[in-house]
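Remarks on the structure that follows.
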Amino acid sequence: MSKNYKEVSAVNDFNFEFRVEEGRIYVIKGKSGSGKSTLLNLIGLIDSPSSGTINIKGVTNYSKDIVKSAFRRDEIGFVFQEYNLNGAFKAFENIMVPMLIKSDEDLKTIKIKAFELLKQVGLEKREHHYPNQLSGGEKQRVAIARALANNPPLIIADEPTANLDQENEQQVLNIFNELKKKGKVVIVASHSEAVWEYADVLLTMQYGSLVEVKYE
Ligand SMILES: Nc1ncnc2c1ncn2[C@@H]1O[C@H](COP(=O)(O)OP(=O)(O)OP(=O)(O)O)[C@@H](O)[C@H]1O
C-alpha cells in the first residue's frame with residue numbers, strides 16, 4: 001500500500017505482515033519525514049491508503065466507516081507522543097472513555113476496570129489527578145492505560161517516549177514488555193535507541209519505503 005500527499009510519497013509500496021498471533025514488539029525507525037507516523041496512522045486505521053490495501057485479521061479495506069471505527073475501538077489501542085488526554089477528565093475518567101463508548105458493561109464494572117488499569121501502569125495513587133496535575137511520564141502511562149481499556153490485541157505507539165526522560169522512558173518500555181508477555185503486539189515508531197533495543201523486529205523506513213527488516 002502507498003500514501004501520497006499531492007507530490008509527496010509519504011509511504012511508498014509498503015508490504016509487510018505484522019503478525020498478531022503472539023506477543024511481539026515491532027519498532028519502526030527512520031529519519032524525520034521518512035513516513036513513520038503516516039504508516040502508523042494507516043495501520044491504525046486513522047488514515048486510508050491512496051492505493052493498495054490494509055488487511056487486519058482477514059478484513060480488507062474497511063468500506064463502511066462505522067465498521068472501521070468499531071474495529072479500531074475494539075482491536076487497536078493508540079498511544080501518541082503528546083498523550084492526547086482529555087484535560088477536563090481525571091486520570092481514571094480518561095481511561096473510562098473508550099469503555100463507555102463501547103458500552104457493553106455497566107458503569108461500576110467500567111470504574112473497577114479503569115482502576116485496575118491505573119494499577120497496572122503504577123498510578124493507582126493518581127486516580128483523581130487531572131492531566132495538568134501529572135508529570136509527562138505519568139500522563140503517558142495514563143494514555144497507555146487508556147489504550148488498553150478495551151483489551152485490544154494491538155497497541156500502536158507513535159514516538160511515545162520522545163518527551164520523556166530516561167527513567168520514564170524505561171517505565172514505558174517495561175510496560176510494553178509486560179504487554180508483550182501477555183501476548184499483545186506493540187508497534188512503536190521511535191528515534192530512541194533505548195526503544196530499538198526492545199524490538200523483536202526492527203523496521204527501517206527511508207523516504208517512505210521500508211528498506212530494512214531485522215529480526216532480533
Ligand atoms: N497531512 C499531510 N499533508 C501533506 N504532507 C504530509 C502530511 N503528513 C505527512 N506529510 C509528509 O509525508 C512525509 C512523511 O511524514 P511522516 O510524518 O509520516 O514522517 P515521520 O517519519 O513520522 O517523521 P517524524 O519522525 O518527524 O515524526 C513527510 O515528507 C511529510 O512532510
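Counting starts at 1 for both ligands and their atoms, following the listed order. What you see is a predicted model; the values in this text were computed from it and never measured.
Among protein heavy atoms, atom 26 (O) of ligand 1 sits closest to S32 OG, 2.5 Å. The nearest protein atom to atom 23 (O) of ligand 1, hydrogens excluded, is given as G33 N, 2.8 Å; this is a heavy-atom distance. Distance from atom 9 (C) of ligand 1 to its nearest protein heavy atom, with residue and atom name: Y5 CE1, 3.4 Å. Protein heavy atom closest to atom 12 (O) of ligand 1, with residue, atom name and distance, is A10 CB, 3.3 Å.
In terms of modelled atom types and a separation under 3.5 Å, the side chain of E212 and the main chain of M205 share no donor-acceptor contact.
The H191 neighbourhood of ligand 1 comprises atoms 25 (O), with distances under 4.0 Å to a heavy atom of that residue. Heavy-atom contacts of K31 reach the following atoms of ligand 1: 21 (O) (cutoff under 4.0 Å). Of all the atoms in ligand 1, the ones that sit under 4.0 Å from a non-hydrogen atom of K36 are 18 (O), 19 (O), 20 (P), 21 (O), 22 (O), 23 (O), 24 (P), 25 (O). Within ligand 1, the atoms closer than 4.0 Å to a non-hydrogen atom of T38 are 14 (C), 15 (O), 16 (P), 18 (O), numbered from 1 in the order shown.
When hydrophobic clusters are built by joining Ile, Leu, Val, Met, Phe, Trp and Tyr residues whose side-chain heavy atoms come closer than 4.5 Å, directly or via intermediates, L202 is not grouped with I187.
Distance check on atom 3 (N) of ligand 1: some protein heavy atom falls below the 4.0 Å cut-off. In this structure, atom 14 (C) of ligand 1 has a protein heavy-atom contact shorter than 4.0 Å.
Residue contacts with ligand 1: G35 is placed with a nitrogen or oxygen under 3.5 Å of a nitrogen or oxygen of the ligand (distance criterion only). Ligand 1 has an N or O atom lying under 3.5 Å from an N or O atom of S34, backbone or side chain. Checked by distance only, ligand 1 and V8 stay at 3.5 Å or farther apart across all their nitrogen or oxygen atoms.
Of the N and O atoms on the side chains of N174 and N177, not one donor lies less than 3.5 Å from an acceptor on the other residue.
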